[in-house]
Amino acid sequence: MISIMELTGLPVEKILNRDIQNSLPQIDEAVDAILADVQENGDAALRKYARQFDGVELEALAVTEEEIDTAMETVDADFLETLRRAAANIREFHEKQVHQDFTINRPDGCVLGQRWTPIEKVGVCVPGSPETFPSTVLMDVIPARIAGVRQIVMVTPPARDGSIRPEALAAARIAGVDTIIKAGGAQGVAALAYGTETVPAVDKIVGPGGLFVATAKRKVFGRVDIDMIAGPSEILVLADGKCDPRWVAADLLSQAEHDIMASAVLVTESRELAQAVQAELEVQLAQLPRQDVARKSIDDNGKILIAADMREALAAVNAIAPEHLELCVDDPFALLGEIRNAGSVFLGRHVPEALGDYYGGPNHTLPTSGTARFSSPLGVDDFMKRSSFLYYTPEALAECAPRIADFAEREGLHAHARSVTIRSETTE
């Protein structure tokens with residue numbers, strides 16, 4: 001049963017176990033071996049791991065256009081429309097994130113500026129357990145397309161018959177994936193980082209996964225860029241005493257069913273609501289198909305925290321910096337300005353976290369484990385890089401040359417200084 005605790009005087013580290021996403025030594029060793037194997041043996045290693053981990057013998061690693069055509073025909077028309085509407089919402093939101101280049105033209109003829117260019121090739125990891133998630137495909141691919149990424153490669157583990165879930169293939173076509181590879185786990189990350197006979201090496205890898213994927217992404221970072229090292233999913237519901245305990249319990253369980261390490265936290269000023277939610281969780285847990293997973297998550301990592309007042313509750317929110325934050329109060333917009341650290345904020349009693357997972361528009365790839373203190377949701381910026389440029393006339397350089405040379409000399413960099421002053425020297 002989820003515990004009820006007084007928030008006053010409770011250290012933040014006692015609320016969430018933020019070390020559980022760290023890999024164990026044996027996982028590090030296993031991932032090192034997989035990375036080296038794929039780097040050396042390419043497709044042969046990917047086929048070996050498909051036999052070992054997925055129980056399937058693969059002749060072809062890449063999904064064919066015919067397979068995607070079949071998926072589009074297999075998925076019912078209503079869900080295809082849902083995918084298209086969700087994609088439109090995600091696209092509308094992320095198109096607002098596109099930055100503009102700028103140029104500064106000075107009176108002396110100097111020109112300064114900044115320009116944005118897309119990353120050339122991106123790999124997207126899509127989990128395959130318990131299902132392949134079409135929502136992840138939409139959320140990770142659409143911002144990349146908006147950014148102008150030229151090649152998007154998706155890796156996802158196959159089923160035992162060698163297939164990929166048709167809903168995920170349909171989402172891949174709608175979002176604009178170029179290549180789909182039947183490989184998951186650390187071996188999928190390795191294929192994207194190093195390239196194989198079938199898999200092109202990419203410049204950046206994004207997408208969620210378990211400990212093996214997270215560890216592999218951490219190890220290849222530097223050779224390629226990555227989006228983040230994601231920990232277990234989190235939800236914090238800040239609720240007043242007017243909330244329906246059934247709704248609050250359902251929202252907490254929406255994250256608890258993800259993973260036994262997921263964290264679901266309720267912060268409230270109302271002891272009556274706290275006790276009602278505690279009881280309601282037991283009722284709803286008994287009805288969940290993934291009851292075993294959600295039960296362990298709730299029992300081990302769930303918390304109900306009773307705050308003395310809203311000020312203390314908001315302080316706790318900002319200290320915890322949750323991945324998902326629901327503000328289930330009368331006037332959530334009045335509190336929004338007080339939130340400094342959260343991945344995504346859901347405003348009001350009629351905005352469950354699942355709305356953001358699938359349909360609303362903002363990205364569901366979010367900072368976890370308190371990293372919302374310094375990082376952001378996945379977005380168009382993650383698929384772009386910026387370069388600066390500058391132009392000086394000879395006269396403008398001559399005017400500031402003594403200052404630049406002096407600056408360089410004070411740092412002991414004499415060649416820097418010389419590279420400036422030499423341009424004003426006359427030759428005989």
Side-chain angles (χ1 to χ4, degrees), residues 2 16 78-79 82-83 85-90 92-93 130-131 133-136 138-139 167 208 230 232-259 262-268 270 273-274 276-291 293-295 297-298 301-305 313-314 317 320-336 339 342-368 372 377-378:
I2 195 168
L16 297 181
D78 190 57
F79 187 67
T82 297
L83 286 175
R85 291 189 184 192
N89 291 338
I90 296 165
E92 178 188 31
F93 180 86
E131 302 285 356
F133 299 113
S135 61
T136 296
L138 298 180
M139 293 290 180
E167 290 87 349
S233 189
E234 304 167 353
I235 186 170
L236 191 155
V237 179
L238 177 58
D240 61 24
K242 301 176 185 178
C243 289
D244 188 326
R246 298 173 305 154
W247 296 8
V248 175
D251 291 356
L252 294 173
L253 290 173
S254 72
Q255 295 308 292
E257 73 172 352
H258 263 300
D259 190 286
S263 298
V265 177
L266 167 63
V267 178
T268 182
S270 170
L273 178 69
V277 170
Q278 183 186 51
E280 184 61 29
L281 281 169
E282 296 302 309
V283 173
Q284 294 189 28
L285 270 167
Q287 302 166 358
L288 284 181
R290 288 174 60 79
Q291 177 185 159
V293 172
R295 162 63 69 188
S297 168
I298 287 293
N301 304 311
K303 298 283 189 304
I304 297 177
L305 305 174
L314 289 170
V317 167
I320 294 169
E323 177 188 17
H324 306 99
L325 170 63
E326 290 187 8
L327 298 179
C328 298
V329 296
D330 281 338
D331 187 2
F333 288 95
L335 299 185
L336 182 58
I339 304 302
S344 189
V345 185
F346 302 80
L347 299 169
R349 297 188 178 93
H350 294 275
V351 190
E353 183 276 334
L355 176 63
D357 271 351
Y358 300 110
Y359 198 78
N363 211 283
H364 79 192
T365 302
L366 304 168
T368 63
L378 189 74

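Only this structure's heavy atoms are used, side chains among them; waters, hydrogens and symmetry mates stay out. For reference, positions follow the sequence shown, starting with 1.
Using a distance-only test at 3.5 Å, with no hydrogens or angles considered, a donor-acceptor pair links the side chain of Ser297 to the main chain of Ala262. One N or O on the side chain of Asn363 and one on the backbone of Met139 form a donor-acceptor pair closer than 3.5 Å. Gln278 contributes a side-chain N or O that, together with a main-chain N or O of Ile2, makes up a donor-acceptor pair within less than 3.5 Å. Proximity of a side-chain donor or acceptor of Thr368 to a complementary backbone N or O of Pro232 within less than 3.5 Å is not detected. Side-chain atoms of Glu326 do not come within 3.5 Å of backbone N or O of Ile235 as any donor-acceptor pair.
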Take Leu253 and Glu280, measure what side chain to side chain contact (heavy atoms under 4.5 Å, CB included) needs, and give me the verdict at the end.
CA-CA 11 Å; Leu253 290 173; Glu280 184 61 29; over 6 Å; no
Please determine whether side chain to side chain contact (heavy atoms under 4.5 Å, CB included) holds for the pair Leu325 and Ile320, giving the CA-CA distance in whole Å, both sets of side-chain angles, and the decisive distance to 0.1 Å.
CA-CA 10 Å; Leu325 170 63; Ile320 294 169; over 6 Å; no
Evaluate the criterion side chain to side chain contact (heavy atoms under 4.5 Å, CB included) for residue pair Asn89 and Phe93; output intermediate values, then yes/no.
CA-CA 6 Å; Asn89 291 338; Phe93 180 86; over 6 Å; no
Go through the steps for Tyr358 and His364 under the test side chain to side chain contact (heavy atoms under 4.5 Å, CB included), then give the verdict.
CA-CA 8 Å; Tyr358 300 110; His364 79 192; 6.0 Å; no
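Smallest separation of non-hydrogen atoms from Gly343 and Pro377: O-CG, 3.3 Å. Between Ala249 and Gln284, the closest heavy-atom pair is CB-NE2, 3.8 Å. The two residues Pro208 and Thr136 have their closest heavy-atom pair at CD-CG2, 3.6 Å. Smallest separation of non-hydrogen atoms from Leu285 and Ala294: CD2-CB, 3.6 Å. Asp251 and Pro352 make their closest contact through OD1-CB, 3.8 Å (heavy atoms, listed as atom of the first residue, atom of the second, distance). Among all heavy-atom pairs drawn from Gly348 and Cys328, the shortest one is O-SG, 4.1 Å.
Rounding to the nearest 0.5 Å gives a distance of 10.5 Å between CD1 of Ile298 and CD of Glu257. The OG atom of Ser344 lies 8.0 Å from the CD atom of Glu353; values are rounded to the nearest 0.5 Å. Between the CG atom of Asp357 and the NE2 atom of His258 there is a distance of 5.5 Å, given to the nearest 0.5 Å. One finds the CG atom of Leu378 at 9.0 Å from the CG atom of Leu366 (value rounded to the nearest 0.5 Å). To the nearest 0.5 Å, the span separating CG on Leu281 from CD1 on Ile304 amounts to 6.0 Å. Note: Ser135 OG to Leu83 CG = 9.5 Å, rounded to the nearest 0.5 Å.
Remark: Arg349 engages Asp240 in a salt bridge, criterion side-chain N to carboxylate O under 4.0 Å.
Under a cut-off of 6.0 angstrom, the local environment of OH in Tyr359 is crowded, with over 12 non-hydrogen atoms contributed by other residues, nucleotides or ligands. Counting heavy-atom neighbours within 6.0 Å of Gln287 CD, excluding the residue itself, gives a total above 12.
With a 4.5 Å cut-off on side-chain heavy atoms, Val317 and Leu327 do not count as touching. The shortest distance between side-chain heavy atoms of Val265 and Pro322 does not fall below 4.5 Å. For the pair Val248/Thr268, no side-chain contact is recorded, criterion being any heavy-atom separation below 4.5 Å from C-beta on.
Using cut-offs of 30° and 60° on the angle between ring planes, the pair Phe346 and His324 is tilted.
At a cut-off of 3.5 Å, with distance as the only test, a side-chain donor of Ser233 or Glu323 sits close to an acceptor on the other residue.
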